[in-house]
Amino acid sequence: MLKDEISKALAPLKLERVEPGDYDKTGYHLEVDAAPEQMPEVAQALKSTGCFLDSLTALDFPEAFHVVYHFSSFRELCRTAVKAKVPKGKAAVTICRVYPGANWYEREVYDLFGLKFTGHPDLRRILLPFDADFHPLRKVFETEKADA
Amino acid sequence: MEFLTQMLGADVARMVVGLIAIIALVSVNALFLIWMERKVAAHMQLRPGPMEVGWHGAVQTVADAVKLMGKELITPTDVDRPVYHLAPIVIFLPVLLSFLVIPFSQTLIIRDMNVGVLLILAFASLTVLAILMAGWASNNKYSVLGAIRSVAQTVAYEIPLLITLMSPILMVGSFSLADIVAAQERYWFVLTQPLAFILYIVCATAETNRAPFDLPEAESELVAGFHTEYSGMKFGLFFLAEYTNMFIVSALATIFFLGGWRGPFLPGIFWFLIKVYAIIFLLMWFRWTFPRVRFDQLITFAWKILIPLAFANLLITALIMKLR
Amino acid sequence: MINYFKEILVGFWSLLAGMAVTIRYFTKPIVTVQYPRQKLTMSPRYRGHTEFVIDEETRTHRCIACEMCNRICPSQLISLQGVKVDAKKKLPSRYIIAYQYCSLCGLCVEVCPTKALKWSDEYLLCGFTREDSEIDLLRRLQDQQYAKGWPLTPIPRPKPEEPAPAKGEEVKE
Amino acid sequence: MLERGLEEKTYVLNLGPQHPSTHGVLRVELEMEGEFITKADPDIGYGHRGHEHMAENRNYQQFLPNLGRVDYLHALAYNQCYCMAVEKLLGLKVPERAEFIRVITGEMNRISSHLLWLGAYLLDLGAFTPILYCFDDREHILDLLDRVTGSRLTYCYYRFGGVPQDIDEEFVAGTREFIKRLRTRFRDYDNLVTKNVIFIHRTRDVGIITQEQCLEYGLTGPMVRGSGIPYDIRRSEPYSAYPLFDFEIPIGSKGDILDRYLVRVKEMEQSLRIIEQALNKLPEGPIMAEKVPKRIKPAEGEVYAAVEAARGEFGCYVVSQGEVKPYRIKLRVPSFANLSILPELSVDTLVADLVAILGSIDVVVPEIDR
């Protein structure tokens with residue numbers, strides 16, 4: 001089972017939480033919580049088991065950004081959700097050395113949430129104009145203000 | 001006519017009248033060809049094409065031409081002005097002059113020269129100069145790329161074109177177009193020179209920058225290639241030249257391989273035009289069927305396939321002629 | 001050497017096969033429709049703009065101005081005003097859709113408790129101004145009733161500040 | 001420009017945003033040396049409409065029409081994915097007939113998307129005529145889907161718990177006829193395109209994607225299948241009624257453009273097979289789940305659902321805080337990841353190849369921009 005393989009690969013990292021998910025309810029086979037600094041190692045471990053980065057996004061909660069990484073595999077169905085809580089004002093750590101595909105995802109998160117990724121080679125805005133001065137998916141962002 | 005003859009002498013009068021006739025022919029021919037191209041394309045694509053102006057849209061191209069003439073001639077900033085303005089004229093003139101030596105029928109030929117073929121080919125090479133001028137002067141990267149491609153393409157394709165035409169010339173022993181037609185009294189050269197005919201059609205397609213060899217104006221890569229920056233009638237002249245060029249290469253094919261104006265019942269001019277338009281239809285058929293080749297493949301194709309085959313064909317022809 | 005010629009021949013043959021396809025289609029009848037000259041019949045579920053269902057029995061609409069459609073509309077394009085005609089019954093006095101914002105999702109038609117809305121099969125919709133695409137369903141209903149020779153549904157006014165225009169005038173645009 | 005270009009070795013060429021072959025408003029900044037590309041930098045976001053932000057300000061049902069506008073070519077798959085995600089959140093069970101209808105219409109939509117791709121791709125390569133034939137076929141699909149869904153392009157047909165309107169006999173008969181028709185048309189496409197020597201030379205050994213790259217960039221859909229990885233969510237993570245049908249996953253060997261082309265063409269044939277089986281097995285029964293709440297207010301939680309769209313994996317990540325509006329909806333669109341490999345693929349290729357590669361990725365730019 002790929003699920004066990006991944007758990008085994010993640011074991012030496014001593015992550016906050018690695019437990020099987022309720023697939024019928026959430027669509028995850030494995031739920032992982034990690035510290036943002038651990039993300040490159042987590043990504044490396046997942047890559048060694050043959051997982052690819054499915055999607056990367058963030059959630060804006062009042063106290064912190066949750067960066068959510070979804071991993072999946074070509075070989076066997078195993079969806080892994082990794083969450084890294086980044087307190088407001090701090091930066092996440094890039095994984096695009098491991099997965100070059102994360103480059104654009106991280107740029108997108110930076111663009112829409114204003115969350116910086118340390119170590120990212122090219123952290124520019126991607127969807128919005130380069131001179132935009134707002135981050136629309138933050139909960140404090142109001143549409144009306146942006147229109148005006 | 002007589003007045004002109006007296007004043008200028010028979011030869012010059014013939015030239016003047018001929019030139020006027022040519023300009024009329026070129027315009028009418030282009031208008032017809034554009035309409036034909038639209039109709040051929042449309043019917044191959046299961047649609048009717050222009051239907052609104054005139055019978056089955058026959059006058060549509062006239063309307064378009066009027067629109068083109070009415071359009072403002074925009075000159076972009078930072079173009080090389082003299083060259084930019086000159087290019088449409090340069091592309092149009094040689095095309096016009098090529099008509100001088102084409103025998104439309106036994107008698108309908110403005111000037112039968114003994115180097116007719118060479119004249120046409122020499123003028124045809126001038127087109128590339130105009131394209132290079134247009135592309136370079138436009139100060140547009142797409143245009144420059146189109147122009148550069150065009151030069152390389154013409155250089156690569158003129159060689160097999162000339163070598164291919166040498167085989168029938170060898171059989172006739174004359175560069176005069178009228179002589180070549182006259183030599184096909186018993187049979188058309190397409191029967192004895194089928195390979196040369198195919199090679200010629202391929203080269204002619206490339207020479208006129210038609211799909212699948214329309215790289216100088218490949219719209220999916222270079223937007224519109226060398227004439228990206230031209231508007232109004234200047235663009236119209238490029239367009240006119242393209243379609244007139246098609247007519248000339250098809251006329252050459254007719255003269256060299258399909259017996260020129262020869263044919264039963266109808267007067268020679270009709271046979272000539274029927275054959276020319278049949279070849280043009282073939283070129284249009286290519287365009288609406290094939291994808292475009294890549295630039296390096298185009299050159300490879302010319303040097304690795306066309307030129308060896310053309311040479312082989314020439315050698316075999318020469319051998320047979322010698323043995324006979 | 002043999003490969004060289006074989007490749008040329010195979011390639012040449014494939015080109016001829018392609019040309020055979022296009023010339024076959026060249027002779028086939030055309031499949032397109034000449035747009036404004038030929039009319040299409042729309043499929044029964046075609047989603048044009050919404051309009052009132054005319055009840056065969058009462059010969060009028062079934063709208064009770066409950067504003068369900070207004071609430072579910074993703075684009076908030078329905079401007080609906082209801083007026084109480086008696087203690088229980090509520091009728092719309094104004095039902096205008098700003099069709100230019102409509103995304104044709106169909107939620108308003110589905111949510112309607114009295115099935116008062118349906119799709120029209122109008123597809124030749126164009127106009128010069130934004131106002132041209134604002135469709136007054138109550139007026140449209142009257143037009144349809146007028147065309148059938150049925151009595152027109154009066155448009156109730158909440159509190160008429162000015163005398164209501166005569167029925168005949170309302171039909172004329 | 002030209003004067004400066006003479007001194008420097010490379011120059012910058014803007015491909016797009018208004019360019020015939022960028023398929024929408026995509027701009028690729030090319031650094032070129034002659035006709036060779038040394039660096040390509042796609043610039044996206046011209047069509048950014050803020051779908052994800054819109055989702056946070058609407059309730060669950062009101063977001064439905066947006067899905068048809070993310071990828072307008074395979075809108076029904078996107079509808080389905082979002083519905084699946086919310087159904088998972090609500091714990092709804094979709095009746096079997098509705099699942100069958102979803103499969104049939106979704107696969108029809110997939111064929112129409114692939115057909116449009118085929119035509120537009122040939123247009124990129126300079127062949128004009130195939131797109132009209134493809135449109136002719138596609139028109140039949142649109143007519144059929146029009147009968148069922150009421151719209152021709154930006155469908156908004158599936159609902160939480162099923163589908164709102166049933167399919168009728170005429171649709172079934174029309175679909176069967178269409179399947180027959182398309183199968184004969186494939187022969188023409190074969191002769192006109194697949195076997196064409198120019199087409200083969202343009203596409204063979206160009207834009208090769210290795211399996212390693214698929215993994216690194218998170219590519220999905222025909223992109224990975226062209227590289228020989230049989231990854232298809234319809235098979236690997238069976239959803240809807242797909243486990244009931246027998247179909248193959250066509251894969252390529254080399255991962256070049258030709259492989260991706262062939263994969264898509266074969267996929268159309270497989271889709272026809274699926275539709276045929278679904279029509280034969282079509283069960284009777286309700287089309288809507290029984291207890292669909294009028295007011296959609298899922299409990300707190302999050303869910304990730306994915307479907308196989310025409311371009312790859314479309315994922316819908318919905319986070320609910322127990323309110324009528326979703327807390328966050330992330331749309332994982334396939335084209336976004338698929339396009340991100342373009343800079344790597346385009347180095348040291350010709351412009352003509354770049355156009356061919358870009359076309360073979362099959363991007364739908366509004367989907368990337370969201």
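The analysis underlying the following values was restricted to heavy atoms, covering all of them including side chains, and did not include hydrogens, waters or symmetry mates. Here is how names work: the chains are called A, B, and so on, in the same order as the sequence lines, proteins then strands, and each is numbered from 1. These numbers come from a predicted model, not from an experiment.
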Exercise. Take atom NZ of A:K88 as the centre, draw a 6.0 Å sphere, and report whether it contains more than 12 heavy atoms from other residues, nucleotides or ligands.
Key: yes
Exercise. Using non-hydrogen atoms and a 4.5 Å limit, figure out which bit of A:Y28 sits close to chain D: side chain, backbone, both or neither.
Key: side chain
Practice problem: Report the distance from atom CZ of D:R49 to atom CG of A:L127, rounding to the nearest 0.5 Å. | Solution: 11.0 Å
Self-check item: D:E56, part contacting chain A, at a heavy-atom distance under 4.5 Å
Solution: side chain
Exercise. Name the member of A:D54, A:V68, A:D111, A:D60 that forms the most heavy-atom pairs with chain D at distances under 4.5 Å.
Key: A:D54
Quiz item: Is the closest side-chain heavy-atom distance between D:V224 and A:F52 below 4.5 Å?
Solution: no
Self-check item: Separation of A:T57 OG1 from D:L331 CG (nearest 0.5 Å)
Solution: 9.5 Å
Quiz item: Are side-chain heavy atoms of A:S55 and D:Y317 found at a separation under 4.5 Å?
Solution: no
Quiz item: Do D:F336 and A:I126 have side-chain heavy atoms sitting under 4.5 Å apart?
Solution: yes
Self-check item: Check: A:A58 main-chain N/O paired with D:R328 side-chain donor or acceptor under 3.5 Å
Solution: yes
Quiz item: Out of A:P100, A:C96, A:A81, which one racks up the most heavy-atom pairs below 4.5 Å with chain D?
Solution: A:P100
Exercise. Under 4.5 Å heavy-atom distance to chain A, tell me which part of D:D41 shows up: side chain, backbone, both or neither.
Key: side chain
Quiz prompt | A:F71 versus chain D, the contacting section by heavy-atom distance below 4.5 Å | solution = neither
Self-check item: chain D contact via A:R79 - side chain, backbone, both or neither, heavy atoms under 4.5 Å
Solution: side chain
Quiz item: Checking heavy atoms, do the side chain of A:C51, its backbone, both or neither come under 4.5 Å from chain D?
Solution: backbone
Quiz item: Is there side-chain contact between D:E52 and A:E108, with heavy atoms separated by less than 4.5 Å?
Solution: yes
Quiz prompt | Contact summary for D:S340 and A:G101, nearest pair of heavy atoms | solution = OG-CA, 4.5 Å
Quiz item: Residues in salt bridge (Lys or Arg N to Asp or Glu O under 4.0 Å) with A:K47, at least two apart?
Solution: D:E216
Exercise. Could you tell me which portion of A:L56 (side chain, backbone, both or neither) has an atom closer than 4.5 angstrom to a non-hydrogen atom of chain D?
Key: backbone
Quiz item: How long is the gap from CZ on D:R332 to OH on A:Y105, to the nearest 0.5 Å?
Solution: 4.0 Å
Exercise. Sort D:L215 into side chain, backbone, both or neither according to what part of it lies under 4.5 angstrom from a heavy atom of chain A.
Key: both
Quiz prompt | Contacting region of A:R124 [heavy-atom separation from chain D under 4.5 Å] | solution = side chain
Quiz item: How about A:W104 and D:L339: do any of their side-chain heavy atoms sit closer than 4.5 Å?
Solution: yes
Quiz prompt | Which of D:Q211, D:K88, D:Q321, D:E313 touches chain A most, by non-hydrogen pairs under 4.5 Å | solution = D:E313
Quiz item: Of the listed residues (D:C214, D:G47, D:P334), which shares the most heavy-atom pairs with chain A below a 4.5 Å separation?
Solution: D:C214
Practice problem: Count the heavy atoms belonging to other residues, nucleotides or ligands that lie under 6.0 Å from NZ of A:K116, then report whether that count exceeds 12. | Solution: no
Quiz item: Which bit of A:S72 comes within less than 4.5 Å of chain D, counting heavy atoms only: side chain, backbone, both or neither?
Solution: side chain
Quiz item: Hey, does A:L112 have a side-chain heavy atom less than 4.5 Å from the side chain of D:H53?
Solution: no
